[in-house]
Novice: 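Pasting in a structure now, in structure tokens, and then I'll have a few things to ask.
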Amino acid sequence: MGLKRLLLAAMAPVLVAGPVLANTCMRPEERRAADTWAMNSYMRVIAMQCKVDRARMVDAFQPHSGELSAAAQVIQGYFRRAHGGAGQTRFDQYYTNISQDHAMDATRGGQFFCRDAEVILTQIKALPPGGLAQFSVKQNIIQPISAPDCGVGAGATPRR
């Protein structure tokens with residue numbers, strides 16, 4: 001095999017992987033959706049671990065139902081964009097992992113977890129709609145996605 005073919009064969013994986021790796025970055029709206037989804041997962045763990053009444057959880061989250069629904073669609077879209085045909089499987093893995101991370105956080109917090117959860121529930125109920133992502137970041141809620149942010153204009157579609 002000639003040197004030219006050998007070099008082309010060696011570069012092929014890089015040339016193929018480049019576009020795939022470029023799609024794994026997160027756009028700002030995807031990052032917000034992931035932070036919102038992290039808060040959703042955390043609240044589900046609070047409900048289970050602290051045995052919070054269902055009516056109280058609904059009361060806290062009702063003003064944010066549109067935000068949560070939109071976040072679910074956007075974060076699932078991110079996984080489809082980043083992982084193609086394996087997107088749903090990767091989203092399911094993410095959802096399992098984030099739930100486990102939050103459950104472990106609850107276990108580590110011991111008796112203080114539910115005490116702190118009361119404060120969080122009260123704060124969420126007082127949040128204006130659209131504030132879950134920022135609140136999640138402010139509260140340092142565990143977010144296992146470590147994808148880099150996309151560069152400026154990464155979400156824009158070029159006009160022709």
Novice: What is the distance from atom CG of D92 to atom CG of N97, rounded to the nearest 0.5 Å?
Specialist: 11.0 Å
Novice: According to a hydrophobic-cluster definition based on side-chain heavy atoms being under 4.5 Å apart (Ile, Leu, Val, Met, Phe, Trp, Tyr only), do M43 and L68 belong together?
Specialist: yes
Novice: Okay, side chain of Q143, backbone of A34: is any donor-acceptor separation there less than 3.5 Å?
Specialist: yes
Novice: Quick one: are F135 and I120 in side-chain contact, heavy atoms under 4.5 Å?
Specialist: yes
Novice: Please say yes or no: joined through hydrophobic side-chain contacts below 4.5 Å, possibly via intermediate residues, are M26 and Y94 part of one cluster?
Specialist: yes
Novice: Once rounded to the nearest 0.5 Å, what's the spacing between atom CZ of R31 and atom SG of C25?
Specialist: 9.0 Å
Novice: Please step through side-chain contact (heavy atoms from CB on, under 4.5 Å) for the pair M39 and D35, ending with a clear verdict.
Specialist: CA-CA 6 Å; M39 195 71 240; D35 290 334; over 6 Å; no
Novice: Do H102 and I141 come within less than 4.5 Å of each other through their side chains, counting heavy atoms only?
Specialist: yes
Novice: Determine yes or no for a side-chain-to-main-chain donor-acceptor pair under 3.5 angstrom, with S41 supplying the side chain and W37 the backbone.
Specialist: no
Novice: Give the minimum heavy-atom separation between A71 and A33, together with the two atoms involved.
Specialist: O-CB, 3.6 Å
Novice: Look only at the side chain of E29 and the backbone of V74, and say whether a donor-acceptor pair between them is shorter than 3.5 Å.
Specialist: no
Novice: Does any non-hydrogen side-chain atom of T96 lie less than 4.5 Å from one of Q93?
Specialist: no
Novice: Over all heavy atoms of both residues, which pair between R80 and Q73 is shortest? Give the atoms and the distance, please.
Specialist: NH2-O, 4.3 Å
Novice: For the atom pair CG (D105) and CD1 (I98), what is the distance rounded to the nearest 0.5 Å?
Specialist: 11.0 Å
Novice: Under the criterion side-chain contact (heavy atoms from CB on, under 4.5 Å), I'd like the reasoning laid out for M104 against I142: C-alpha separation, chi angles, the key distance, then a yes or no.
Specialist: CA-CA 10 Å; M104 288 187 331; I142 295 170; over 6 Å; no
Novice: How about I145 and E30: do any of their side-chain heavy atoms sit closer than 4.5 Å?
Specialist: no
Novice: Please say whether more than 12 non-hydrogen atoms of neighbouring residues, nucleotides or ligands are located less than 6.0 Å from CZ in R108.
Specialist: yes
Novice: Atom CZ of R81 and atom SG of C150: how far apart are they, to the nearest 0.5 Å?
Specialist: 5.0 Å
Novice: Between S65 (side chain only) and F61 (backbone N and O only), is there a donor and an acceptor less than 3.5 Å apart?
Specialist: no
Novice: Checking Y78 side chain against T24 main chain: does a donor-acceptor pair fall under 3.5 Å?
Specialist: yes
Novice: May I ask you to test the I75-Y95 pair for a side-chain heavy-atom distance under 4.5 Å?
Specialist: no
Novice: Show the numbers, then the answer: is there a ring pair (Phe, Tyr, Trp, His ring centres under 6.0 Å) between F113 and Y42?
Specialist: CA-CA 11 Å; F113 179 80; Y42 196 74; 5.7 Å; yes
Novice: Answer whether the closest heavy-atom distance between the side chains of R32 and L132 falls below 4.5 Å.
Specialist: no
Novice: By the definition side-chain contact (heavy atoms from CB on, under 4.5 Å), identify the one residue from Q134, H64, E67 that meets it with L127.
Specialist: H64
